[in-house]
Amino acid sequence: MRPPQDNARAIFLIILIFWIATSPDSGPGLIAGPSLIKNRITRQRNALGVLNSTQWGDFAPRLSDDPPETEPKYLNITGFREQDGYVWEDLKRFKDRCEEWSTNAVGIPEVAEPVWQNATGVVHGSWQRINASLPRYHSSYNLSAISPDISWAGSNSDWARNVTGTEGKIMVRIEDNEDDETEPEKIDKLILDKAEIKARQVTGTVNIDDVEGTGSGWEMRLHGVHWPRQGAMLLTTTSEKFAGIFGLPHLTTRPDFFQSSQALLNRSLDKALKKKEEQTFPLPSEPWTSTVDTPSEVWNPSPHCEYLLYIQVHPPDQSILGVQPSLTGPENVAKAIQDIEDELRFPQGTGHQHIPRLQMSAVVFSPDCAFFLETKGPPAFARVDGKHLVGVKQEIFLYSVSTFLLGLAVIVFGQLQLLKMQMRETSTPSTLGRVSFTTCCMMLLADGMLFTGAAAWSFSASTTLLPSLAITCVSLLSMTIETFFLAEIHKVQEPEWRRQERERERQNTTANTANTTNTATPPNHPTPASTTPPTSTTPPIIIPSDQDIDAEIAEVENNTTLPAPATAGTTTPTAQNLRTQLSNTFGSLLFLGICILFLSLAAASWRVSIRAAYFNTLLFAYLSLWVPQIYRNVHRNCRRALSWRFVVGQSVLRLLPIAYFYVVPDNFAFAAPDWTAFSVLAGWLWTQIWILAAQSVLGPRFGVPRGWMPEAWEYHPVLREDNVEAGGLPIGLVSTPSSPTSLERTRTGEDRKQRNTNTHVIDCAICREVLEVPVVRAGSDDPTAGGVSGVLARRAYMVTPCRHIFHSACLEGWMRFRLQCPICREELPPL
């Protein structure tokens, strides 16, 4: 019979093959593919020809407030035609809003304030939605007429990227590479300064979260033009139903913007098309596509809302620059900004104490889905409600990421050092048997996922390559050592698991046999009474005979002996079986880690509340790593399985990266601080530590009902002089106070009549020091024996099943190396 793991792998492989075989392949194939690409290039050539032959004002669609006799003007470009039905009636409204945003940020064009010349960075903020003058739905368009040669997927369903909520969040990553195409094309350093660049190509990756609407998030890439001196950017999406990049100059707000962007795009788009035309097998993807890593959009695109994005860069905080334009003039402000940008790109050691934050304002217009998105900030909103888009320059962002990765590498290295120290302390079978296998598996799973993420990041990292490699190497080393530690724990605990499995099988067999017997027995037939004598749950009264003279005399007089503890024989597993079981465990951890990684990546597009609940639940489960150790302590009646240095250190180090995203407001992921969730996570983790501390002090089963766990030897029993297990005789034969032996071995206080316990003084056979043992007097009850004070008093001694007694610290230290009695060499139950 095949193992269950092999069956699971076979089923998974069959499902995977079936999914691949039944996946729809709607691609054009090798024959039709080149023809479709050629037709697409022809359409793009025609659109570029329209852009070359038009002037400012040639695209003047009918506005919502135009009189009927006004003659509108449209372009013969996909999406810019009148019959396409887009909401170009609000184009003037969009342009007016863009100019208003620019005026509020930098002033009028004639006296505009200096801004960042390179806008590369990451900003985020909140937006509000405003409806266009006319509503539009997906049923309002005929995609077959707009783009007749395209086979659309899901054209009759709701479009993607459609924002329906009134408010949400937006994050923009600007890639303003100074090596991209510029206008003018070539700059003579002896004649023109960098500030004389009229326009430059720019790319932006936009993430829009529709918090109050659909709850979804969309990521898209927009391409456009940046006018550095004015700090203005206009970007657009481009698809088969909207040739946005080819008509972008006609969407600008000023004639000089039109001229510079037209010259720039004519040259750059022509180069891109020539490159595709010269290729024997041109790639189906486009350099100006708006989809991010979606190959299916090449042949069978899904309709989605198109976007126009206008961004205005705000002037840096002049209080941080240390330059007052009213005193030194705007030229010095521009010079200070340029110095900071040069230092960030090419560090020369002239560091600045503070770098101003990158701030922008944005207006989004969807001409086909008919809505506006405006960032929240002054003057429309108070500063407490929003500051438009706020972030950092790309260099600062990458520095934050590198610092976090280096810090994470140090944290993982600290975890590794704690693990090595713990492995030195748990190097014997006795100590390895106490450690929870599940707790170590959770640590290995977390470090394995960290290694996978860091390795994947390293493949695409450039600036953060060295920190990524550092954390990859450290996490790999940590995984290797944790795997070795798990293998040692598995080798020691595997016989225990097999015994438990046989016990469960025996119980199931007994239960099935009993059910069969009950079924076969007639209803009127009496069931024979059980003759099994009840077992006593009272722990035996133990006084070692070779340590107490009185106990030895009692043993001789009564001729009573106690049987040695029974130990179950086990069959030693073969090395092949151990490797197979361990490989199955590691395979399960690998599969679980892959599932969590893919699920976490998919959660990026979930509703914000569901995404937050998912990550909070995942982290709560991750920070429950001490729960299996608590359970094992209770199940085996053991304590101090792990050192406090390891428990507290691992807890703190594993909590620090989580605290960065939950507490630090300026984290590189722009995650909003959530003190409530972090308090719950941290409180849950420290609750587990306090439970471990209580188990160490009060006992692993303190407060747990006796019937909830299997019987285990109690090394700290309540000793009574009249215990039945001691033959009904008082401990040490303390029968006559005048006995010299009893006076020497027993100490009572002056208030003997009021006291319920006697203190027996014996010698510990390990350290040869005096050990005082409290014993409840015959016929008395000690009300504090079951309380905290009684538990703490019993922690001073430990009693073995062979009736020997030692200091707790002495016997625990001995049992770390050997599970045998130091005196009689009888086997001892593990702690």
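Computed from a prediction, not measured in an experiment: that's the story for all the values here.
Judged purely by distance below 3.5 Å, without hydrogens or angles, the side chains of D210 and T164 pair a donor atom with an acceptor atom. Side chains of S147 and W152: a donor on one and an acceptor on the other come within 3.5 Å. A donor atom on one side chain and an acceptor atom on the other are not found under 3.5 Å apart for S361 and H388.
In summary, the aromatic rings of Y310 and W101 are positioned with their centroids too far apart to meet the 6.0 Å limit. With ring centers used as reference points, F668 lies 6.0 Å or more from Y399.
Taking the charged nitrogens against the carboxylate oxygens, E277 and R45 do have a contact shorter than 4.0 Å, which makes a salt bridge. Comment: D256 does not engage K198 in a salt bridge, judged by the lack of any side-chain N to carboxylate O separation of less than 4.0 angstrom.
Note: F397 and F670 have parallel aromatic rings, judged against thresholds of 30 and 60 degrees for the angle between ring planes.
By the ring-ring contact (aromatic ring centres under 6.0 Å, His included) test, Y141 pairs with Y86, W159, sequence neighbours left out. Considering only residues two or more places apart in sequence or on other chains, F80 meets the ring-ring contact (aromatic ring centres under 6.0 Å, His included) condition with F59, W88, F242. Partners of H223 under the ring-ring contact (aromatic ring centres under 6.0 Å, His included) rule, at least two apart in sequence or in another chain, do not exist in this structure.
Side-chain contact between V333 and E113 is absent, with no heavy-atom pair separated by less than 4.5 Å. In this structure, the side chains of Q83 and I146 stay at 4.5 Å or more apart for every pair of heavy atoms. Side-chain contact between V172 and I170 is present, with at least one heavy-atom pair separated by less than 4.5 Å. You'll find the side chain of L222 reaches within 4.5 Å of the side chain of Y307, heavy atoms only. Two residues are said to be in side-chain contact when any heavy atoms from C-beta on lie closer than 4.5 Å; V392 and R357 meet this criterion. In this structure the side chain of W218 never reaches within 4.5 angstrom of the side chain of N207, judged on heavy atoms. Taking 4.5 Å as the limit, some side-chain heavy atom of F257 sits within range of a side-chain heavy atom of Q230. Within the 4.5 Å cutoff, side-chain heavy atoms of L251 are placed close to those of L234.
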Open item on the list: Walk me through whether F246 and W288 qualify under ring-ring contact (aromatic ring centres under 6.0 Å, His included).
Closed with: CA-CA 10 Å; F246 295 92; W288 46 76; 5.6 Å; yes
Open item on the list: If you apply the rule salt bridge (Lys or Arg N to Asp or Glu O under 4.0 Å), what do you find for K241 with D368, and how did you get there?
Closed with: CA-CA 10 Å; K241 67 181 181 65; D368 53 351; 2.6 Å; yes
Task: Stepwise side-chain contact (heavy atoms from CB on, under 4.5 Å) test for V206 and I208 - done: CA-CA 6 Å; V206 181; I208 296 179; 3.7 Å; yes
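Applying side-chain contact (heavy atoms from CB on, under 4.5 Å) to E395 and the options E341, E343, R345 leaves one that passes, R345. Residue E374 forms a salt bridge (Lys or Arg N to Asp or Glu O under 4.0 Å) with just one option from R97, R93, R129, and that option is R97. Checked against R161 for a side chain to side chain donor-acceptor pair (under 3.5 Å), the options S290, S366, S216 give a single hit: S290.
Atom CH2 of W457 sits in a sparse spot, with 12 or fewer heavy atoms from other residues, nucleotides or ligands closer than 6.0 Å.
A distance of 13.0 Å separates CG of L389 from CH2 of W127, quoted to the nearest 0.5 Å.
The minimum heavy-atom distance between E240 and P301, with the atom names listed, is CG-CG, 4.4 Å.
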